[in-house]
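This one's a predicted model, so the numbers in the text were calculated from it and none came from an experiment.
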Amino acid sequence: MASVAPRKRTDATRQRTSTHEGFLTHRNLFWGKLSALLAVALIALYIFVPLPGTHFGSSWLGYTLGTIGVLLILWLTMLGMRKRAITPGRWSLKGWTSAHVYLGLCLTVIGTLHSGFHLGWNVHTLAWALMLIVIGSGIFGIWVYATLPQALSANRYDEEGAITEKQMIEALRSLDRQIHDAAQPLDPETATLVGKSLDEDPFAGSFWNRITGKYPRCATRSTAAELRRLRAYRPRIANDPLDKIDALLTRKEAMLGRMRRHLKLKSWLQAWLYIHVPVTFALIAALSAHIVSVFFYW
């Protein structure tokens, strides 16, 4: 029976038309417009409403802004639980995320006006600073989700179409098997050198290596460089196994680079959460200390 040649992946040539609406533009920027209107209204109140003395958190406006800010922060933290429930319509996850982003940005105005610009080395300013860190990391997260998925998708495509992370791993294993077979005629010293590449774990490396995509101690790269140096001082012979190994190592270097770019992009999609989530809990703790100190010690 004649074997059937595998079909090439055709995903790369398939034309798609998308009507996808992102969370930033959900409902024609409804939450963005509402948050901007709220920010302008609060700034107008702060500027034009007469208050005795100076604007501060202890004024009626300060208490109002503080109450709005605390309730809004607590509501914003509910997004993590909301992600587990999939519902359509006005309060879909996309709509909730859009509200989370724009109302979170509005907190910069609410929190700063609540402070009355009275900042110092105390728990009150700590809560304000933590709030800005949470919002700043959220802005970075928006940029990550707006740009990196496209880069992640582009990295998955080659001339034959899309390739998954699992297929990248299988391709590396296949190359290792071919390198192992090609290295059988080598002398022990050269075979040991090639073995360093075969023993390399493609997932090895520190967190810094992962997020930068730089692996200065890459065994495959150093093995390929050393073999090329050795070949330069050896006479060229027909059917030299080093020629085949060199070609295979070049292919492996390229696949490793692709795999590491994939891991780098995936890491950046998650890394910002390691700041955003813990600092959110620190913010809630600082807010609790701020509220207790205001109502019981002032």
Side-chain angles (χ1 to χ4, degrees), residues 23-24 31-84 93 95-146 268-298:
F23 61 87
L24 292 178
W31 287 106
K33 295 173 183 177
L34 181 63
S35 299
L37 183 63
L38 177 61
V40 170
L42 292 177
I43 292 173
L45 277 174
Y46 185 87
I47 295 174
F48 297 110
V49 174
L51 291 174
T54 59
H55 288 286
F56 198 57
S58 58
S59 68
W60 70 264
L61 180 58
Y63 280 123
T64 301
L65 291 170
T67 301
I68 294 173
V70 169
L71 293 176
L72 190 53
I73 288 171
L74 293 177
W75 179 81
L76 291 172
T77 60
M78 300 295 289
L79 179 63
M81 291 185 290
R82 175 62 184 80
K83 287 180 178 179
R84 300 174 185 175
L93 179 57
W96 197 293
T97 305
S98 182
H100 179 92
V101 169
Y102 289 113
L103 292 177
L105 290 172
C106 189
L107 265 176
T108 58
V109 175
I110 296 172
T112 303
L113 294 183
H114 168 68
S115 72
F117 300 94
H118 288 257
L119 305 174
W121 296 100
N122 49 51
V123 70
H124 317 297
T125 302
L126 174 63
W128 175 81
L130 289 172
M131 179 194 71
L132 292 185
I133 293 174
V134 171
I135 294 171
S137 63
I139 293 172
F140 178 74
I142 294 171
W143 174 81
V144 163
Y145 279 108
W268 276 109
L269 283 171
Q270 301 169 352
W272 70 278
L273 289 172
Y274 292 115
I275 298 175
H276 193 71
V277 174
V279 178
T280 296
F281 286 106
L283 168 59
I284 293 174
L287 276 177
S288 301
H290 165 68
I291 293 169
V292 169
S293 65
V294 166
F295 283 101
F296 291 96
Y297 296 101
W298 277 29

K.L.:
Between NE2 of His290 and CG of Leu126, what distance do you get to the nearest 0.5 Å?
P.N.:
11.0 Å

K.L.:
Which distance, rounded to the nearest 0.5 Å, do you find between the CZ of Phe281 and the CG of Leu130?
P.N.:
13.5 Å

K.L.:
Is the backbone N or O of Leu105 less than 3.5 Å from a side-chain atom of Thr108, with the two atoms forming a donor-acceptor pair by type?
P.N.:
yes

K.L.:
Which pair of non-hydrogen atoms, one from Cys106 and one from Ser35, has the smallest distance, and what is that distance?
P.N.:
SG-O, 3.7 Å

K.L.:
Is it true that a side-chain atom of Ser115 and a backbone atom of Thr112 form a donor plus acceptor pair closer than 3.5 Å?
P.N.:
yes

K.L.:
Please confirm whether the ring centroid of Trp31 lies under 6.0 Å from the ring centroid of Trp96.
P.N.:
no

K.L.:
Taking C-beta and beyond as the side chain, do Val294 and His124 meet within less than 4.5 Å on heavy atoms?
P.N.:
yes

K.L.:
Begin from the C-alpha positions of Trp60 and Val49 and carry the test side chain to side chain contact (heavy atoms under 4.5 Å, CB included) through to its verdict.
P.N.:
CA-CA 11 Å; Trp60 70 264; Val49 174; 3.5 Å; yes

K.L.:
What distance do Thr67 atom OG1 and Ile110 atom CD1 have between them, rounded to the nearest 0.5 Å?
P.N.:
11.0 Å

K.L.:
Output the distance between atom CG (Leu61) and atom CG (Leu113), rounded to the nearest 0.5 Å.
P.N.:
7.5 Å

K.L.:
Hey, could you give me the CD1/CD1 distance between Ile73 and Ile284, rounded to the nearest 0.5 Å?
P.N.:
8.0 Å

K.L.:
If you round to the nearest 0.5 Å, how far is CG of Leu65 from CG of Leu72?
P.N.:
11.5 Å

K.L.:
Below 4.5 Å, heavy atoms only, C-beta onward: do Leu107 and Leu76 meet side chain to side chain?
P.N.:
yes

K.L.:
Looking only at heavy atoms, which two atoms of Thr125 and Asn122 are closest? And how far apart?
P.N.:
N-OD1, 2.9 Å

K.L.:
Apply ring pair (Phe, Tyr, Trp, His ring centres under 6.0 Å) to residues Trp268 and Phe140 and explain how you reach the verdict.
P.N.:
CA-CA 10 Å; Trp268 276 109; Phe140 178 74; 5.8 Å; yes

K.L.:
Are the side chain of Tyr46 and the backbone of His114 linked by a donor-acceptor contact shorter than 3.5 Å?
P.N.:
no

K.L.:
Restricting to non-hydrogen atoms, name the atom on Ser293 and the atom on Val123 that form the minimum distance, rounded to 0.1 Å.
P.N.:
OG-CG1, 4.1 Å

K.L.:
Quick one: does any side-chain atom of Ser137 pair with a main-chain N or O of Trp272 as donor and acceptor, under 3.5 Å?
P.N.:
no

K.L.:
Thr280 side chain to His276 main-chain N or O, any donor-acceptor pair under 3.5 Å?
P.N.:
yes

